[in-house]
Structures are given as C-alpha cells and as structure tokens.
Amino acid sequence: MRTAIIGAGAAGMMAAAAAGSDEIVLFEQNEKFGKKVYITGKGRCNITNNIDTSEFIEQINRNPYFCYSALYTFTNKDMMEFLESKGLPIKIERGNRVFPASDKSSDVIKTIEKFVREKHVSVRLNTQVKDIRRKDELFEITFDGTKELFDRCIIATGGLSYPSTGSTGFGLKIAEKMGHNIITPVPSLVPIRTAEKWVAQLKGLSLRNITLSYKSRGKNISYFGDLLFNEDGITGPTALKMSTHGKDFKEGDLFFIDLKPALSKEQLEKRILRDFSLYLNKEIQNGLSDLLPKRLILPILSLCSIDLEKKIHQITKQEREKIIQNIKGVPLTFIELRSFKEAIITNGGIDTSEIDPSTMESKIIKGLYFAGEIVDIDAMTGGFNLQLAFSTGYLAGISSGADNGK
C-alpha cells in the first residue's frame, strides 16, 4: 500500500512519522521541512503546552469537540515524550509553554525529520504537487510533469497564514474540487486595525495587565493580559486572542481597553483624588503621570475634551468622571483584521462535519485524510495550534496505515 502525504509542515511531518504504509511518499514544495514551524515562537518553536488535555481543549476556538480523538490519541505529553525519546531536551516556561531547551526551532524540525528519514519515507523536497484526482480506487497525483498513483492520500498543506512559507491554499482548492465544503478562511491571531488617528502616536507602547473587551450583537468577550499599539491599531496577546472572533466584528464596532481592571470606578476615583492632591497647582497632565504611561495621557485627555494645560484645581467633578470613564474603557473603533501575511493561523477551512474525527478520514472520499490548519480548527496562542497539527497529523498517519477493510 502506498500513501502520499502532501506538505511537510507540523501535521505532515507527524503524519509521516506515524504512518504505517508499505511505502510513504512525503511531498513538500519548499526546500526543507517545516518552513512555517521554523518561525513559530519567534524562532524558538512553542512546541505545545504542558496542561491537562481537558484544559487544553478549552483553549480551542473552532470545533473543540471535533479535536477530542486526535488530542487523546496523541496528547501534548506524548509529543513531549516523543521529542525527548529522540534526544531533544525540552523546557517549560511561563504559561506552561513548551520549548526546545536550545531555543532553536530548527532542532525540533531536525529531530522529527531524522526520525522520518530513518523510517525510509521517500522525501521529495522542492516538489510542487499540481493536482490530485480520484482515479478508480486510487489517487492520481501530478507533480513536475509526472503522475503517480497512491492508495491513500493525506493532505496537510496548511491554511493561508504566512503565505511566504508556502501556504497558498492549494489543499483547500483540492478539497473543494473533491466535493468538500470550505468554511471561508479569515486571518486569526492577527493584529487589529482601528480608526483612531492617535493610535499611531502610541506605536510601540506596551500595556501590562489590561482588559480588552467587546460587547455587541449578543457577544460579550473580554481578555486580560498585555497589549501593544502599532502604527494603525493593536496587537499583543489580548488583541491576538480577540482577533479569533473576527467573523463576529463589523466595521465601526467598538472595543474598550480597561487600563485599570483591578480597580473599581470608586477605587479609581480615590486614587485620582489622592494624586490630584499632590499636584493641585500643576497642569492636569502632571496629575495623571503617576497613574498612566506618559504617552497615553494626551489621548485620554483628548477623549475627555480636557485641555492638556488646564490646572488640576480647575478640573470639575464632571471632567473627573470623564477621566475615570475613559481610563476604565478607552474606546477603539474596529476597521478590519490585518492580512494573512501577519496572521499566525487561519480561521476556517474544511468543514469538520465532513471529516471523521476518530480517523481524520474524509466522509466523502475513502482513503483521503486531512490534518492540521487545513481543517476548520484553531486555538489560542501558547503552543496549542502546533499541538493540534501534531495530533491530527499523527491520527491521520496511523489511520491511513490501518486496515480499514480496503
């Protein structure tokens, strides 16, 4: 039995490592394995997350229940043990994030590649698959002007994020041609563009321990953590997490940043009155300098329509209430998500209702399997998406080599 695996990213590599066919051929259009894996975790590769599988599933945004079989068949602990058993030391950092001890993503890729090659998988790098067709009970794969037949086929070509790594959406087009429904892909875990002009003045400003919230059309979403301003909007952990709900947002919707989520409005007022008492004859900007980052004071006062040079003793109760209101909810107007070029993952993909979650096999075409980002599943940052790729790849691999009555 011959099995073709299309794509040598995280899912494809693990599918090749797990597959049990007589002959396995791994096709990769790039010059090396794991080109996208190489840039994950800022080049360090956040392999997985060291939490219980039940907690892990809570971090999945799209179709978490579909992922049960894959995650329990090949868990995050299994992934860690696999790498260590192959000689790669790992370490656990803040947030239970797992990295190679060397801090080099290339070491993760080399470890898996070495195992794949030791299995005598036929690896064909720099090989662009042009087409995949069903021919009788086989799969006809066209590449480099050549056609070959395979008993089974695993498509693990990724989504559309980071197109520079070769994520072109080819696998989605093939799946659709073969009769699968594609949930429209959109960028996810991606910066958010906002309308406010003053945001550009804050480029590079990082805020710690804030709450970013959204409430509209029955949705009430909030995330606590860090946020970073860029030239036309926001990024950082809270913004990236918020972007996973991008399909719910419409241009003109509002986000709010609570700069002091640990303080109630009453507590914040007491704090401001105390600070004001120290600077009564100073300008208002001085009265907020102990509470807010200096670069943020002008935007806050502008939102309150308060002159930057107004003396603190001249501030009215109504103006003080406006300051409190805006510190507890800096408004940002949504324009759009940034493009796939900056997206960590793709939201959308092959409809999970058309894939058997216990095998990753297509319910439409026998012998056809999908794994990784090409499927309509995605999760939060922290190693969760790579683990989904490893787990679904592993499950597709072992399932493709099983005797399912063929």
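Residue indices begin at 1 and follow the sequence shown. Nothing here was measured: the structure is a model prediction, and the numbers come from that model. Only heavy atoms go into these numbers, but all of them, side chains included; no hydrogens, no water, no symmetry mates.
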Where do R62 and N347 land on the side-chain contact (heavy atoms from CB on, under 4.5 Å) test, with the steps shown first?
-> CA-CA 8 Å; R62 298 280 298 175; N347 179 311; 3.7 Å; yes

Side-chain polar contacts of residues 185-193 - donor-acceptor pairs under 3.5 angstrom, sequence neighbours left out - could you list them?
{"unit_1": "R193", "atom_1": "NE", "unit_2": "D232", "atom_2": "OD2", "d": "3.0"}
{"unit_1": "R193", "atom_1": "NH1", "unit_2": "E336", "atom_2": "OE2", "d": "2.6"}

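- Remark: the backbone N or O of R2 is paired with a side-chain donor or acceptor of D151 at under 3.5 angstrom.
- Residues K177 and I132 share a closest heavy-atom pair of NZ-O, 3.5 Å.
- Of the charged side-chain nitrogens involved, at least one lies within less than 4.0 Å of a carboxylate oxygen, so that R338 and E231 count as a salt-bridged pair.
- Residues S102 and D107 bring a donor and an acceptor atom of their side chains to less than 3.5 Å of each other.
- A 4.5 Å side-chain heavy-atom check between I6 and I141 finds at least one atom pair inside the cut-off.
- A side-chain contact (heavy atoms from CB on, under 4.5 Å) with L212 holds for exactly one of V330, D258, I257; it is I257.
- For the atom pair OG1 of T381 and CD1 of I345, the computed distance is 9.0 Å after rounding to the nearest 0.5 Å.
- Among all heavy-atom pairs drawn from D253 and D248, the shortest one is OD2-O, 4.1 Å.
- There is a side-chain donor-acceptor pair under 3.5 Å between K77 and N50.
- Although no hydrogens or angles enter the test, the distance criterion places a donor-acceptor pair under 3.5 Å between the side chain of S264 and the main chain of Q267.
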How far apart are the C-alpha atoms of L301 and I284, what are their side-chain angles, what is the distance that settles it, and do they pass the side-chain contact (heavy atoms from CB on, under 4.5 Å) test?
-> CA-CA 9 Å; L301 292 177; I284 179 61; 3.7 Å; yes

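- By the 4.0 Å N-to-carboxylate-O rule, R44 lies close enough to D103 to be salt-bridged with it.
- In this structure, the side chain of T316 engages the main chain of E319 through a donor-acceptor pair within 3.5 Å.
- S21 and T3 share a side-chain donor-acceptor pair at under 3.5 Å.
- Contacts of F276 classified as ring-ring contact (aromatic ring centres under 6.0 Å, His included), with partners at least two apart in sequence or in another chain: none.
- Ion pair K91/E93 flagged as a salt bridge, since at least one NZ, NE, NH1 or NH2 atom sits closer than 4.0 Å to an Asp/Glu carboxylate oxygen.
- Residue-environment remark: NZ (K265) stays at or below the threshold of 12 foreign heavy atoms within 6.0 Å.
- Using a 4.5 Å cut-off on side-chain heavy atoms (C-beta onward), R152 and M1 make contact.
- A distance-only check finds a donor-acceptor pair linking the side chain of R295 to the backbone of Q201 [under 3.5 Å].
- For the residue pair A19 and S400, the shortest heavy atom distance occurs at CB-OG, 4.2 Å.
- Checked against the 6.0 Å centroid threshold, F334 and F249 count as a close aromatic pair.
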Would you give me the side-chain donor-acceptor pairs under 3.5 Å for residues 32-41, sequence neighbours excluded?
{"unit_1": "K36", "atom_1": "NZ", "unit_2": "S161", "atom_2": "OG", "d": "2.5"}
{"unit_1": "K36", "atom_1": "NZ", "unit_2": "I344", "atom_2": "O", "d": "3.2"}
{"unit_1": "K36", "atom_1": "NZ", "unit_2": "E373", "atom_2": "OE1", "d": "2.6"}
{"unit_1": "T40", "atom_1": "OG1", "unit_2": "V37", "atom_2": "O", "d": "2.7"}

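- Salt bridge R124/D144: absent, no basic N to carboxylate O contact under 4.0 Å.
- Side chain of Q387 to backbone of F384: no donor-acceptor contact under 3.5 angstrom is found.
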Would you tabulate the side-chain donor-acceptor contacts of residues 51-58 under 3.5 Å, counting partners in other chains and residues two or more places apart, or write 'none'?
none

Quick one: do Y223 and T211 satisfy side-chain contact (heavy atoms from CB on, under 4.5 Å)? Show the steps, please.
-> CA-CA 6 Å; Y223 291 106; T211 295; over 6 Å; no

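- For S85 and E81, the side-chain atoms include no donor-acceptor pair closer than 3.5 Å.
- No more than 12 heavy atoms of other residues, nucleotides or ligands lie within 6.0 Å of CZ in R208, so this atom counts as exposed by the packing criterion.
- For the atom pair L88 CG and I47 CD1, the distance stands at 6.0 Å (nearest 0.5 Å).
- M80 CE to I90 CD1: the interatomic distance, rounded to the nearest 0.5 Å, is 4.0 Å.
- Judged by distance alone, the side chain of N49 and the main-chain N or O of G382 form a donor-acceptor pair under 3.5 Å.
- Taking the six-membered ring wherever Trp is involved, the centroid distance between the rings of Y214 and F256 does not fall below 6.0 Å.
- A pairwise comparison of heavy atoms in G233 and T194 identifies CA-OG1, 3.4 Å as the closest pair.
- Note that OG of S243 and CG of L337 are 6.0 Å apart. Values are rounded to the nearest 0.5 Å.
- Under the rule for a side-chain contact (heavy atoms from CB on, under 4.5 Å), the partners of S302 that lie at least two apart in sequence or sit in another chain are L298.
- D275 places no side-chain N or O within 3.5 Å of a backbone atom of L288 that could act as its donor or acceptor partner.
- Take Q29 and apply the side-chain contact (heavy atoms from CB on, under 4.5 Å) test, not counting sequence neighbours, and it matches Q128.
- Between the side chain of N46 and the main chain of T48, a donor-acceptor pair closer than 3.5 Å is present.
- In this structure F82 satisfies the ring-ring contact (aromatic ring centres under 6.0 Å, His included) test together with F115, sequence neighbours excluded.
- Atom NZ of K203 has 12 or fewer neighbouring heavy atoms from other residues, nucleotides or ligands inside a 6.0 Å radius.
- N286 and S289 share no donor-acceptor pair across their side chains, judged by distance under 3.5 Å alone.
- Contacts of F74 classified as ring-ring contact (aromatic ring centres under 6.0 Å, His included), with partners at least two apart in sequence or in another chain: Y394.
- When side chains are defined from C-beta on, L254 does not count as touching L332, because their heavy atoms never get closer than 4.5 Å.
- Applying the ring-ring contact (aromatic ring centres under 6.0 Å, His included) criterion to F229, with sequence neighbours excluded, gives no partner residue.
- Note that CG of L207 is 8.5 Å distant from OG1 of T238, once rounded to the nearest 0.5 Å.
- With sequence neighbours excluded, the residues satisfying side-chain contact (heavy atoms from CB on, under 4.5 Å) with A11 are A156, A371, A389.
- The number of heavy-atom neighbours closer than 6.0 Å to NZ of K119, taken from other residues, nucleotides and ligands shown, is above 12.
- Here CD of E176 is found 12.0 Å from CG of D351. Values are rounded to the nearest 0.5 Å.
- Remark: D378 pairs with no residue by the salt bridge (charged side-chain N to carboxylate O under 4.0 Å, His left out) rule, at least two apart or across chains.
- K341 contributes no side-chain N or O that, together with a main-chain N or O of P163, makes up a donor-acceptor pair within less than 3.5 Å.
- Within the 3.5 Å criterion, the main-chain N or O of S69 finds a donor-acceptor partner in the side chain of T73.
- Pairing each heavy atom of R97 with each of F99, the nearest pair is CB-CE1, 3.7 Å.
- Among residues two or more places apart in sequence or in another chain, the side-chain contact (heavy atoms from CB on, under 4.5 Å) test is passed with P357 by F66.
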